[in-house]
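Scroll down for the structure; my scribbles are underneath it.
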Amino acid sequence: MTQMTLSQALNRAHHDVMAADDHIIVIGEDIHGGSGVTGGQELGGVFGVTRGLASRFGAGRVIDTPISETAFVGMATGAAMTGLKPIVEVMFCDFMGVCFDQIMNQAAKARFLSNGRFDLPLTIRTTMGAGDGSGAMHSQSTFGMLSSVAGLMVACPSSPADAAGLLKSAVAAKGPTILMEHKGLYGHADTVEDDLPAVKLGKGRVVREGTDLTIIAVSAFVHKAEAAAEALKKDGIEAEVIDPRTIKPLDEALILESVKKTGRLLVASEDAAFAGFADAVISFVTRAAFADLKAAPVAVTPLDIPVPYGRKAEAKWLPTAETIIKAAKQMMEA
Amino acid sequence: MTQMTLSQALNRAHHDVMAADDHIIVIGEDIHGGSGVTGGQELGGVFGVTRGLASRFGAGRVIDTPISETAFVGMATGAAMTGLKPIVEVMFCDFMGVCFDQIMNQAAKARFLSNGRFDLPLTIRTTMGAGDGSGAMHSQSTFGMLSSVAGLMVACPSSPADAAGLLKSAVAAKGPTILMEHKGLYGHADTVEDDLPAVKLGKGRVVREGTDLTIIAVSAFVHKAEAAAEALKKDGIEAEVIDPRTIKPLDEALILESVKKTGRLLVASEDAAFAGFADAVISFVTRAAFADLKAAPVAVTPLDIPVPYGRKAEAKWLPTAETIIKAAKQMMEA
Amino acid sequence: MELEDLTLMFEKAHFIRAFEGALAAASDAGEVPGLVHLSNGAEILELAVASALDLPKDQVTGSHRSHGIALSLGVDPLALACEILGREGGLSEGLGGTQHLIAPESGLLGSNGIVGGQVPLALGAALSAKTLKTGGIAVSYFGDGAANQGAVLESLNLAVVLKLPVLFVCENNGFGQSTASAYAAGGTSLLGRARAFGLAAAHVDGTDPLEATKTAHRLAAWVRDTGSPAFLEASVPRLSGHYHGDAERYRTTDGRSTDPLDRLEGMILSRDVPEGLVEDMKSRAHADALAIVDEATAAPDASDTALEAFMAEAQA
Amino acid sequence: MELEDLTLMFEKAHFIRAFEGALAAASDAGEVPGLVHLSNGAEILELAVASALDLPKDQVTGSHRSHGIALSLGVDPLALACEILGREGGLSEGLGGTQHLIAPESGLLGSNGIVGGQVPLALGAALSAKTLKTGGIAVSYFGDGAANQGAVLESLNLAVVLKLPVLFVCENNGFGQSTASAYAAGGTSLLGRARAFGLAAAHVDGTDPLEATKTAHRLAAWVRDTGSPAFLEASVPRLSGHYHGDAERYRTTDGRSTDPLDRLEGMILSRDVPEGLVEDMKSRAHADALAIVDEATAAPDASDTALEAFMAEAQA
Ligand SMILES: Cc1ncc(C[n+]2csc(CCOP(=O)(O)OP(=O)(O)O)c2C)c(N)n1
Ligand SMILES: Cc1ncc(C[n+]2csc(CCOP(=O)(O)OP(=O)(O)O)c2C)c(N)n1
Ligand SMILES: [Mg+2]
Ligand SMILES: [Mg+2]
């Protein structure tokens, strides 16, 4: 066991998979860094995740691109159809708007349209998340939206081990997988197994056991949910915290099992307040386990307006552990 | 009262609003038609909705564009910030992938980012829907996805009167509104009031009253729900059918009122099976009216895979009145 | 070109024409699920390009209008017809259909429903060929209308920046749906655009079998040899509507282009050929095409079992 | 240019420089919510362009790097600083922030967080000016990196096709983040690209006050008079990192460009000016800027009540 940050774990996982399989290439803006600049050093991505890859594996496998997301995400998709296993980075998920056709129509549907005659081992890495004053176009979380597109797998790690492990599974998957990394977690450190084992797509994790209510939380919200559970314990409320890790396919069995035990569901998620992940889980659970529910499920999501910039406003927009605690208590009293 | 088709009503509404307000302009591909072609006639859009506008209002207000959705949707957005009230057409909602940034980041957020210092009276018209063998990239319904983007209003008319009336409200709105027209409904005829009155955004409509269950249905599915309700009546089941007409903002009060009466909720919607409109409504109702629900809510949506082309497969993908009937009966028995 | 090359091209071109004619008839008879966009007028150009390729090492992506491209590459016509008709035995068992023709085994990586969407994908095929050193190249077809789409413009640049072996083929038929190419494209020429991005570029009259073949071979060889991208703009007529059934009210009937198949016929007849050769070839091509489309039409609707496999996989 | 014009430009340029320096210091002190992208090196060019505009009839859109543009247009510096600092009294009460500066009353329609996203919006301002016959024009700033983005390329074409009065200003600072413009852009020049789309185009050294002013005036007048679009590529240095705090490991420190403000200073000093004038202007500009950023820093965080209005509206 070693201690490392989420960005270090991702970096290590990149090194591992690229060393093991020379069909894996990495594509994106500034992921090598300094392309065409004389005399400088490798950058390794704006968050350091791809550091050292270019010097180790060469510019042929670590490819800097112009700011042309449509062309290079499409290129990665086409490469995945023809024998390579590209990992392509879209710097922020907010930027996916400019290349959304290549994601929602091309990458998501090509394997289906071929009737599975080719695999599409494409990994799209991106960042997400608010809380650092990045404003309306550098702070969104779009995992719910992306999960609504049939044909895409979407994973949102909350820990260094899961980040590395999900990346390893993504590059080995048959279809396109989007790995969404919360900006606020890159510096988050935790222990990992030395060989950074793969984490199966579609398998969630019980972060903390409890009997009174089930909290489903994603990415950075997992840590808020843990803090909330800790606080709730002091009031005698035992919350079970589940990190689904993969949004699509969702580990429905794990969620149902927990709700059947607790009878109460709270979903805490940074994506859309309307038709987002929280709605998907609440709808699914209510449809599948209505009789087991003892109280109305609760969604803890940001406000249904764009992400504001100013600190006070952003703090109001973004739920905290406190928000979860309050919502959980209300539910227990109901 | 007059009888007309949905496309005729939309065409009439375009004539009405353009005659009443010369700040309204229409922008899109082939909406004038034949631009740069000598000797031909005006086309008026691939579904005839913009017919006669160019000859009446001139090419300065009815603008054909290159196939450059990003540039012209963005242009319409910028025009809406600076005094015009553009109606811009994206031929199929499936094509919004190529201009999604201008929709999700620019149009949706600009008014918020200005702190409301300007209005953004932008109407985006588009078509949607499966059932006519158009395949995976000409058949999608993305109203759930679009509604998840804070800052957008989304309306989906099911009748000629609503189509015309919602268009009239959209052009008068302060913020961007997306009007989604189901391809299968253009030829659908019904009576309309002669002056095609505006239909308020955010106001749903009780299509049929009932006491046993509430069916929330959108666009073409409203007609399937009506047929289902008619059939269910023969089995003694009285279904209330509600057409929310506007997806965002949603007429929550109308829906809650109905569910409080019936205790049962079925949502029938052609958009995404995961994190789509059905999930949003089921989640909202369960959170807001849990105690009133007598049975698990039900979602009737297409399969969670891209739209297939072949007739048998497309029929399997797309729910019918029969699917609604079956789901409703199961719910009543549960 | 040898007479043999010309007659081969003639037979193939007539086969494509007849195949699409039969599809149009099937469509009129209600046998085709969706709208079909016919390649009438582009057959010669597409056969010329195909003759320059090394298939399936080379991989091609095409637009919504790709029936002719598929046949030019040698895609199995019955599987193609079944796909377009949504019948059992289709390339993708009818999941894709007329705008999503996929046959990588013949070199057709895919056609596309989104104008321009196929172009970035071709860069990927080129990147694979380059990285895996297959010696192959990629070809991406698109229309004059698509040349105004961001996906295409970005791709021209990216191909140059990364030095990818890809041949862009812009079929300029003068129209994007009802809109004239001359209206929709600023600047003086699409060639100039491509050159400004740093591409080697050439224009051909796509109705001239000799010039089209020569130029396609030259550019394909250049891409293969240098590993760099090139751009071919080919003028071709759109002999029918945007889609089959388009009334084309926006277009006058006079001033339509002549048929490149007639031009090829004239070239063949101007050589010393046996009496009746041309008519024989034509009727054979037409009979073959008709038989295949008939066979496809008679096949049962593609089953829906393919869906179940995808549903199951999505859950797992 | 008259000495008066030069000194005016000098004062403004130093005000911008000092304003951003103060912001950088505020950022280091933890007073700025987000990352700031400084305009160091582009001040002269932006002032030259602004001097050619008729504000607020003319409307400008800018990129993520728009503090300097805002000040060049005469946006109220206190409201600007408050917006960047997320303080009460900000242009949008802190809802937008550094990348979303909006002041249409001064001619700044908006700056943008998406590379290239602002460019189509400027076409809309141009369309409004044309349709409503205001006599105004639109200006859209973007970087060399943005010149490879589909949104920008499509917009160049659309502006020509619709004959819109818009001036595109491409600030070529040699970098898109850490990537050299020379690497990212295929072809020989961005000017060539613009011309291929049919735009009138010119290049200027953006550090030359005379040339920049002359060319900006010429192109702006041409756009206004003809109603047609034009393209101005301006070479400007990026004197600091991509954002404030960027360690720029990818870049060597030698070979950095000289500061255009020094060039302007030299030009002024070469004229017959009173002793100490330049130093006086500088310290005045710096003192003014500092006072404003200080005032902004001292203001309370923007309240969150603006959110409630939007929440309420979204429900209704
Ligand atoms: C992004 C997008 N916009 C619009 C369409 C609708 N559409 C389909 S084909 C077409 C015209 C394409 O013109 P061109 O590229 O010249 O090809 P051609 O049809 O002439 O072969 C249009 C507008 C689409 N499929 N995708
Ligand atoms: C669509 C998109 N892709 C990537 C980014 C991240 N990003 C912000 S600025 C920038 C570099 C822009 O370069 P350039 O256009 O030359 O402007 P400069 O920063 O040099 O002023 C990048 C890659 C973004 N904001 N939007
Ligand atoms: Mg064309
Ligand atoms: Mg730059």
Side-chain angles (χ1 to χ4, degrees), chain B residues 28-46 48 51 59 64-72 91-92 94-99 101-102 130-140 273-274 302-317, chain C residues 32-35 64 83-88 90 92-100 112-117 143 145-151 174-186 242 248-255 300-308 310-311 314-315:
Chain B
E29 291 157 15
D30 306 290
I31 54 142
H32 176 319
S35 286
V37 185
T38 44
Q41 290 169 50
E42 190 181 328
L43 180 68
V46 284
R51 197 161 286 163
D64 270 354
T65 66
I67 310 173
S68 308
E69 282 86 354
T70 295
F72 73 73
M91 208 184 276
F92 286 64
D94 313 64
F95 308 164
M96 286 190 180
V98 304
C99 55
D101 174 62
Q102 291 296 325
D132 59 355
S134 291
M137 300 183 194
H138 287 71
S139 303
Q140 296 169 83
F274 187 90
L303 300 181
D304 198 4
I305 49 178
V307 190
Y309 172 81
R311 282 184 175 142
K312 214 192 267 178
E314 192 184 26
K316 176 161 187 155
W317 183 88
Chain C
V32 184
L35 280 183
H64 55 287
E83 186 63 26
I84 297 167
L85 289 159
R87 298 303 204 272
E88 260 179 30
S92 299
E93 287 299 332
L95 292 186
T98 165
Q99 299 201 45
H100 305 287
N112 218 291
I114 301 296
V115 165
N148 302 312
Q149 180 67 236
F175 286 92
Q177 204 137 335
S178 82
T179 305
S181 154
Y183 170 85
H242 171 59
E248 295 193 281
R249 296 191 302 127
Y250 49 84
R251 193 178 182 186
T252 49
T253 39
D254 46 281
D301 259 6
S303 92
D304 47 24
T305 50
L307 297 192
E308 263 144 39
F310 277 92
M311 284 302 293
Q315 240 86 74

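To find a chain, count down the sequence lines: A is the first, B the second, and so on, and within it residues start at 1.
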Measuring from atom NE2 of B:H138 to atom NE2 of C:H64, what distance do you get when rounded to the nearest 0.5 angstrom?
8.5 Å
Gap between atom CG of B:L303 and atom CG of C:L307 - 0.5 Å precision
6.5 Å
Nearest 0.5 Å, what's the OH-CG distance between C:Y250 and B:L43?
7.5 Å
Return the minimal non-hydrogen interatomic distance between C:M311 and B:D304, and the atom names on each side.
SD-N, 3.8 Å
Where does C:Q149 contact chain B at under 4.5 Å (heavy atoms): side chain, backbone, both or neither?
both
If we ignore hydrogens and angles and just use 3.5 Å, is the side chain of B:Y309 paired with the main-chain N or O of C:I84 as donor and acceptor?
yes
Could you measure the distance from the CD atom of C:E93 to the NZ atom of B:K312? Nearest 0.5 Å is fine.
10.5 Å
Would you mind checking which part of C:A302 comes under 4.5 Å of any heavy atom in chain B, side chain (CB onward), backbone (N, CA, C, O), both or neither?
backbone
With no hydrogens and no angle check, do the side chains of B:D30 and C:T179 hold a donor and an acceptor under 3.5 Å apart?
yes
For chain C, the option from B:P308, B:G135, B:A71, B:P306 that forms the most heavy-atom pairs under 4.5 Å:
B:P308
Which portion of B:S35 sits near chain C, non-hydrogen atoms under 4.5 angstrom:
both
Please determine, among C:T305, C:V32, C:L85, the option with the most heavy-atom pairs under 4.5 Å with chain B.
C:V32
Flag, side chain of C:R249 to backbone of B:Q41, donor-acceptor distance under 3.5 Å
no
B:E29 portion near chain C, given a 4.5 angstrom heavy-atom threshold:
neither
Identify which of B:G36, B:S139, B:C99, B:G133 forms the greatest number of heavy-atom pairs closer than 4.5 Å to chain C.
B:G133
Contacting moiety of C:E308, where chain B heavy atoms sit under 4.5 Å
side chain
Without swapping roles, check the side chain of C:S178 against the backbone of B:G34 for a donor-acceptor pair under 3.5 Å.
yes
Can you find a pair of side-chain heavy atoms, one from C:L35 and one from B:S134, that are under 4.5 Å apart?
no
Rounding to 0.5 Å, atoms CG (C:D301) and CD (B:E314) come to a distance of 11.0 Å
Contacting region of C:T98 [heavy-atom separation from chain B under 4.5 Å]
both
